[in-house]
Enquirer: 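The structure is given below, and queries will be raised subsequently.
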2 protein chains.
Amino acid sequence: MKRIADPSVRRLSAYLRFLEDCQARQVPTVSSDELARLAGTTSAQVRKDLSFFGSFGKRGLGYEVPDLIARLRGILGLGRPWHFVIVGAGKIGSALAQYAAFRERGFHVVAVYDTDAAKIGAALDGHRVRDVAQLLEDAPLDHPDIAVITVPAASAQATADLVVRAGIRGILNFAPAPLRVPHGVTVQTVNMATELEVLSSALAHHD
Amino acid sequence: MKRIADPSVRRLSAYLRFLEDCQARQVPTVSSDELARLAGTTSAQVRKDLSFFGSFGKRGLGYEVPDLIARLRGILGLGRPWHFVIVGAGKIGSALAQYAAFRERGFHVVAVYDTDAAKIGAALDGHRVRDVAQLLEDAPLDHPDIAVITVPAASAQATADLVVRAGIRGILNFAPAPLRVPHGVTVQTVNMATELEVLSSALAHHD
DNA sequence: TGTTGTGAAGAGGTTCACAGCG
DNA sequence: CGCTGTGAACCTCTTCACAACA
């Protein structure tokens, strides 16, 4: 399987979101042009993104909504449920634990961890917060696929090392620190402060 | 002023983070190679990023930490405080309102808004949640520069229209919807579900 | 006719390699 | 000698333009 470009995956994710809207509205087919307008890109881009996986559109008509949804779900790896743990039961961790959009997409929280004795044992959206020291023994039972890391920057690398040792191969990192992981482990980092700085940089230079 | 590439801004933000660590440890100078190792990139990339704004390194030595910090802060628009409002006092909005890392970087919450009568009036980290209908009249007093939008997808565009009418020219969008804004307004979108799908896509295709 | 699929051209960002300088 | 600054090569992603086809 050829490597999919990261910007392309992000767009495919957006297409899928709109296709699901179309399906809810009983729209049978959709053209690259409509999809482009909805996702804020160009029709050529949409066709290039899709043609990477084969040609499943009908010329003069567009793409069949249910068919395209099924293919995109396959491409994005949504053909199966994914289980994830949240490490760090702070404000952001708690918010993510309760984020309904995850469940709707087939991502399920299996456990929430923290190091803080004051938080351990507390209930969080149906999950009792566990001691992070338990992660290694819990993993074989819960078999989590992904770890969402929402701990302070100082402990982010140690947390990453731990979840890798637990056999987890996907990390969504909200700590403001780059993580070193072995080959075969995928990391996505989201840095809130950086996002604001991208804005301030743009605003400062705009005038 | 030439336009700065988005990936470059993100790296500059990371460099700044590490330079602040260096300053705290009294390190006087730092080489492109060290900075690259810390930020997870290459020394050539670091030098290219920096040379875009002029040449302020010392050959054979590296960059002076305090000097480079000052320049990066200027480039990233951190030479002044920024005021932002949060629209949407749900879980994510609340978490962001209390995120200390923002304040440390010079980003200050001036108000939190919601449409839900049950939330309006409640205290949130020192802010009384206000009715979003007040935003237009509040803006001239609070002069917010940025709006963080954490409302459901369905109301995201209407919210964006409102904050633009209020004179706000920077938007950090956490709603899973692309926003249409007039020329001169900058939008950064963070989509949690997309981030997880980038991971699931990578994990699904990896083996 | 309307819309896809795609080679070719273009733009933008990254890496290389080395001259230049402290 | 070591490390910066940078033109040139390289690569990746985007846009264009049009032949192919339902």
Side-chain angles (χ1 to χ4, degrees), chain A residues 1-15 18-19 22 27-69 71-72 75 178 194 198 201-202 205, chain B residues 1-15 18-19 22 27-69 71-72 75 178 194 198 201-202 205:
Chain A
M1 167 67 80
K2 289 170 289 182
R3 197 187 116 273
I4 317 166
D6 190 274
S8 177
V9 176
R10 298 187 123 78
R11 285 191 300 269
L12 294 173
S13 166
Y15 304 157
F18 296 115
L19 286 164
C22 291
V27 178
T29 64
V30 68
S31 69
S32 58
D33 202 60
E34 292 171 282
L35 223 37
R37 212 164 325 111
L38 290 166
T41 182
T42 66
S43 62
Q45 182 74 80
V46 171
R47 294 198 300 277
K48 256 288 193 280
D49 284 337
L50 298 179
S51 72
F52 186 81
F53 304 96
S55 57
F56 35 89
K58 298 233 185 304
R59 291 168 200 243
L61 232 168
Y63 302 85
E64 287 180 21
V65 171
D67 177 44
L68 189 49
I69 286 179
R71 285 173 179 273
L72 286 182
I75 293 164
T194 295
V198 171
S201 159
H205 293 296
Chain B
M1 169 65 81
K2 288 170 291 183
R3 198 187 115 276
I4 317 167
D6 192 273
S8 177
V9 176
R10 298 185 123 78
R11 285 190 300 268
L12 294 173
S13 166
Y15 303 158
F18 296 115
L19 285 164
C22 291
V27 178
T29 64
V30 67
S31 69
S32 58
D33 203 61
E34 292 170 282
L35 223 36
R37 214 162 325 111
L38 290 166
T41 181
T42 67
S43 62
Q45 183 73 80
V46 171
R47 292 197 301 275
K48 256 285 193 282
D49 284 336
L50 298 180
S51 71
F52 187 81
F53 305 97
S55 57
F56 35 90
K58 298 235 185 305
R59 291 169 200 242
L61 231 168
Y63 302 86
E64 287 181 20
V65 171
D67 177 45
L68 190 50
I69 285 178
R71 284 173 180 274
L72 286 182
I75 292 164
T194 296
V198 171
S201 160
H205 291 297

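All chains are named by letter (A, B, ...) in the order of the sequence lines, taking the proteins before the strands, and each is independently numbered beginning at 1.
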Enquirer: Does the structure place the NZ or CZ of A/R71 under 6.0 Å from the centre of the six-membered ring of A/F53, at an angle of no more than 45° from the ring's axis?
Expert: no
Enquirer: For a 4.5 angstrom cut-off between non-hydrogen side-chain atoms, does B/T41 reach B/Y15?
Expert: yes
Enquirer: Anything under 4.0 Å to a heavy atom of chain A counts; send over the first and last such nucleotide of DNA chain D, read 5' to 3'.
Expert: D/dC13 to D/dA22
Enquirer: Mind checking if A/S32 touches a base, just sugar-phosphate, or nothing, with heavy atoms under 4.0 Å?
Expert: sugar-phosphate
Enquirer: If each of A/R47 and A/G60 is mapped to the nucleotide of DNA chain D with the nearest heavy atom, which maps nearer the 5' terminus, i.e. the 5' end?
Expert: A/R47
Enquirer: So, A/S13 and B/T194: side-chain donor and acceptor under 3.5 Å apart, yes or no?
Expert: yes
Enquirer: Using the side chain to side chain donor-acceptor pair (under 3.5 Å) criterion, which residues pair with B/S201? Sequence neighbours excluded.
Expert: none
Enquirer: Evaluate the side-chain proximity of B/L19 to B/V27: yes if any heavy-atom separation is below 4.5 Å, no if none is.
Expert: no
Enquirer: Please determine whether side-chain hydrogen bond (donor to acceptor under 3.5 Å, both in side chains) holds for the pair B/T42 and B/Q45, giving the CA-CA distance in whole Å, both sets of side-chain angles, and the decisive distance to 0.1 Å.
Expert: CA-CA 5 Å; B/T42 67; B/Q45 183 73 80; 5.3 Å; no
Enquirer: Any sub-3.5 Å donor-acceptor pair from A/S55's side-chain atoms to A/S51's backbone N or O?
Expert: no
Enquirer: Under 4.0 Å from any heavy atom of chain A: name the first and the last nucleotide of DNA chain C that qualifies, 5' to 3'.
Expert: C/dG2 to C/dA8
Enquirer: Any side-chain heavy-atom pair from A/Y63 and A/T29 closer than 4.5 angstrom?
Expert: no
Enquirer: Mind checking A/T41 for me? I need base, sugar-phosphate or nothing, with any heavy atom below 4.0 Å counting as a touch.
Expert: nothing
Enquirer: Find which nucleotide of DNA chain D each of A/R11 and B/G62 is nearest to by heavy atoms, and output the residue with the more 5' nucleotide.
Expert: B/G62
